Structures are given as structure tokens and as C-alpha cells.
*Asks:* 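Take a look at this one; I'll ask things after.
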Amino acid sequence: MDLAEFRAGLDRWLDDNAAALAPDRSASHGLDEQMAHLSLVKRASYDAGWMRWGWPERVGGLGGSTLLRAYLGEALTARDLVEPGIYSMTEVLAPTMIDYAPPALAVEMVPRLLRGDETWCQGFSEPGTGSNLASLSCRAVRDGDGWRVTGQKVWTSLAQYAQRCVLLTRSGTPESAHRGITALFVDMDTPGITVRPIETMHGAPEFCEVFLDDVAVPLDRTLGDEGQGWAVAMDLLPYERSTSLWHRGAYLYRRLERVLAAAPPGALTPEQVGEVFQQVYAFRARSLATQHRLAGGERLGPETSLDKILLATAEQAVYDLVGDGLTDEVLLGDDPAGGRWRSEMLYARAATIYGGSAEIQRNIVARRLLDLGADA
Ligand SMILES: Cc1cc2nc3c(=O)[nH]c(=O)nc-3n(C[C@H](O)[C@H](O)[C@H](O)COP(=O)(O)OP(=O)(O)OC[C@H]3O[C@@H](n4cnc5c(N)ncnc54)[C@H](O)[C@@H]3O)c2cc1C
């Protein structure tokens, strides 16, 4: 199926099913409800075929260009049917499973994620390990036919909902840095795993602490080879900075339109609005080129840090405009729309932290793209 045919068919299907797919936007629509609604939308899209396009046939997909699934994410977020952050986990984790899991495991698991039957999480960061990921210490020790894992992860998004986790572990010596890391695919209901949600300032327990105490993981749950975890992480991050950012950009544009509609006349100057509009479109232009490179079979790498910098800058600019343009009545009021603006405005501060902080992205640009040597 080509992109034009896909867009026309999907848009028609979304129009026809608008009522069934629309989320309840009342005040009680918290994270639990958003997660349940995400599953509903993914299941309906999968069963109708749309969620399967752009994914390889060997894992239950229908094949075709990755541009198809980029458009699906754009359509679902721009129509406000799913929240972009929680939708993006599929785009981040499914490609990693397809590339690195033993083939039988990928065939068994990927359709569950695509169809919304399961949620997965990404266990990379630890209390002492964020930007310097190569220093992680969650320990994996070989034991007969498997691994025993002990350690702690933190900021693990959606871990309280997740059935599986892509977990980075230290399988080499403590000094082995990026050479001694192994990636595992762990069932979250394995004995020894404790998940504690963390309440964020935007009012939702979006991420968690995850404690692992002598957790048994079978050997065939190793992603890639033992010691190849760094390559798994480095190949995953460009997805976090490409396909999943595209639909976030679409969502931002929609929210920018909404701020303009909701702001009282004269509250925002044309210069302010123009500046933010430019930033959203600069990201979109950059990300469009990235989507085409991915669809063309190019291997994405450190250049996706530019996409992340542009997106995070645009996102914060949009929500700065919200703060400037909307009245206190909207921003401080009790109605659901005001609560949503408030929550999104606060969450925008995280855009320059998650997926690698803005400073780290700039270091990558300096070192890997501009060849400027050591960290700034
Ligand atoms: C909303 C949200 C969701 C997240 N979800 C997940 C998830 O699902 N899974 C997961 O594994 N992690 C997740 N994270 C964690 C995220 O990846 C880390 O927060 C991020 O990598 C930064 O690490 P840190 O918090 O340890 O900060 P640190 O690495 O301690 O950095 C602190 C500050 O120092 C700066 N800094 C650090 N090193 C340098 C340097 N060399 N040069 C210049 N400045 C530097 C950083 O830019 C930052 O401003 C999430 C974070 C957020 C906010």
C-alpha cells in the first residue's frame, strides 16, 4: 500500500469510527484511563489492519514503508485520540525487539505490543546513572540456563502497567563500562520485581522505581549477544528521537492551534506566535527528512540528536505561549480543559530531560557531528 492510499483509507476509517475512538476528556480521565484508552485505540487500529502497516511481516505486520506507521501516529495524536507520550513506547521498543530478540520471541511478543494487549517499559536509567548510561550497575550473573538480576532502575515510564521490560544490565566487571552491558527482555511479574510509582509535578505517576532482587531471567530472553547491550541501547535511542518524535510534533501543532483559539484577543503578539510557529515547523521539516531516511533503509544515528533538540525547544516554546496567552481562569480553574493545559505545561519541562538531556544532545552534536572533541 502506498502512503496516499494509506492516508485516505485511514482518515476515512478514523472519521467513520470517531465516536468509538474518542477519549473521555472529563476530569476523571487520569493516567489509568489514558492507558486503557490507548489499548482500545491500538486494538481497534490493529484489528482493522492500520496498526500493522509499516511493520515487517515476520512479526505480524503487513509490511510497507515506515512512513505508513509514522502517519498513523500523526493521525491518532493530531486528532487527539491518544496521548503522544504513552503512544510512543511502541515506536521506541518494537524496532529493538525486531532487530535484537531471538526471532521466535519477536514473533510471539511484537504483535502483543502493537495490538495494545501489553505495555512494555524501558529500564535503562538508575539512581546513579542517567546521562552516563555506560556506568550502570544493575547486575546480571549467569546461572545455569539463565541470568539472576539484582539492582535498581528509576524513572521507568509506565512500569506499573508493563508486562515486559527491556532492561539494561551489567554482566561484565564493574569497570567494563559500555563493553560489559547485556540487554534482557524481562517479564514484570517475575518474583523479585517490585515497582513503586513516582508522582510527578504534572500530577500523574508516569514513571517508577523498579527494584530487582535476584530475578531469574531465561537465557533466551537475551537481546543480542551477551555484552552487546550498548549496541542495543545505541540503536534504540535513534528511534526514540525519530518516529516517536514525529507524532509528538503533530500533537504540538494541534495544541498550538488550540492555544491561539483559547487566548483572549491581544494576549499574544504576532511576533510571539510567529516565533513559536517557526520552531514547530523547523522541527517538522527536520523530522520529515528523518522519516524519509528511515523509510529509505538508512541506519539512524547521532544526527537524530538534532531532531530531539528541535522538538524539545519547540515543545517548551509552545507551552511558554500557553502560560503567556491563557488567562488565570483557564490555567488555575477546576475544569478539565484547564487541568489539561496545566498538566501539559508542567510536563513540557521534561522534554529537555527524557530521552537524553538537552546538554547531552548538544555534546553528541559537538563530538559526533562537528568533531569538536571532548564534552563541552
Ligand atoms: C518524563 C521522563 C520519563 C523518563 N522515562 C524513562 C524511561 O522510561 N526509562 C529510562 O531508563 N529512563 C527514563 N527517564 C530518565 C532519563 O533518561 C534521564 O533523566 C536522563 O537521561 C538524564 O539523566 P539523569 O536524570 O540521571 O540526570 P543526570 O545525568 O544526573 O544529569 C543532571 C544534569 O547534568 C547535565 N549533565 C550530565 N552530564 C553532562 C555532561 N557530560 N555535559 C553537560 N551536562 C551534563 C544534564 O544535562 C542534566 O541537566 C525519564 C525521564 C523523564 C524526565
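First listed ligand is number 1; within each ligand, the first listed atom is number 1. This is a predicted model, so every value here is computed, not measured.
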*Asks:* Who's closest to atom 47 (O) of ligand 1 heavy-atom-wise, of C121, G356, A366, S357?
*Replies:*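 Minimum heavy-atom distance to atom 47 (O) of ligand 1 goes to S357.
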*Asks:* Nearest non-hydrogen atom to atom 28 (P) of ligand 1 belongs to which of A351, G130, S131?
*Replies:* S131
*Asks:* Based purely on interatomic distance, does E359 place a nitrogen or oxygen under 3.5 Å from a nitrogen or oxygen of ligand 1?
*Replies:* yes
*Asks:* Mind checking whether E206 has a heavy atom under 4.0 Å from ligand 1?
*Replies:* yes
*Asks:* If you measure only the distance, is there a donor-acceptor pair under 3.5 Å linking the side chains of Q291 and S287?
*Replies:*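 Yes, side-chain donor-acceptor contact under 3.5 Å.
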*Asks:* Under 4.0 Å from a heavy atom of Q122: which atoms of ligand 1 are those, numbered in the order shown and with their elements?
*Replies:* 7 (C), 8 (O), 9 (N), 10 (C), 11 (O)
*Asks:* Check the orientation of W230 and H178. Use parallel for under 30°, tilted for 30 to 60°, and perpendicular for over 60°.
*Replies:* tilted
*Asks:* Could you tell me if K308 sits above the aromatic ring of F283, with its cationic atom closer than 6.0 Å to the ring centre and no more than 45 degrees from the axis?
*Replies:* no
*Asks:* Quick one: does ligand 1 sit under 4.0 Å from the side chain of S157, the backbone, both or neither, non-hydrogen atoms only?
*Replies:*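 The answer is both, backbone and side chain.
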*Asks:* Using a 4.0 Å cut-off to any heavy atom of N363, which atoms of ligand 1 qualify?
*Replies:*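 So the atoms of ligand 1 that pass are 40 (C), 41 (N), 42 (N), 43 (C).
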*Asks:* Which pairs, with at least one residue in residues 305-331 and sequence neighbours excluded, count as a ring-ring contact (aromatic ring centres under 6.0 Å, His included)?
*Replies:* none
*Asks:* What is the distance from atom CE of M109 to atom CD1 of I98, rounded to the nearest 0.5 Å?
*Replies:* 14.0 Å
*Asks:* At a 4.0 Å threshold, what atoms of ligand 1 neighbour a non-hydrogen atom of I353?
*Replies:*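 Near I353, meaning under 4.0 Å from one of its heavy atoms, ligand 1 has 19 (O), 20 (C), 53 (C).
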*Asks:* Give yes if a backbone or side-chain nitrogen or oxygen of S125 is under 3.5 Å from a nitrogen or oxygen of ligand 1, and no if not.
*Replies:*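 So ligand 1 has an N or O lying under 3.5 Å from an N or O of S125.
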*Asks:* Short list, please: which atoms of ligand 1 are under 4.0 Å from a heavy atom of Y347?
*Replies:* 1 (C)
*Asks:* With heavy-atom distances below 4.0 Å as the criterion, list the atoms of ligand 1 near I360.
*Replies:*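 Once the distances to I360 are compared, the set is 38 (N), 39 (C), 40 (C), 41 (N).
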*Asks:* Residues sharing V149's hydrophobic cluster, by side-chain heavy-atom contacts under 4.5 Å among ILVMFWY, directly or via others?
*Replies:* W147, L167, L184, V186, M188, I193, V195, V210, L212, V215, V217, L219
*Asks:* Assert yes or no for the condition that the ring centre distance of W50 to F6 is strictly below 6.0 Å.
*Replies:* yes
*Asks:* Would one find an N or O of N132, backbone or side chain, under 3.5 Å from an N or O of ligand 1?
*Replies:* no
*Asks:* On the six-membered ring of W120, is R112 placed so that its NZ or CZ lies under 6.0 angstrom from the centre and within 45° of the ring axis?
*Replies:* no
*Asks:* Using a strict threshold of under 4.0 Å (side-chain N to carboxylate O), is an ion pair present between D307 and R241?
*Replies:*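 No salt bridge links R241 with D307.
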*Asks:* Using a 3.5 Å cut-off on N or O atoms only, is Y354 in polar contact with ligand 1?
*Replies:*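 Checking ligand 1 against Y354, no N or O pair falls under 3.5 Å apart.
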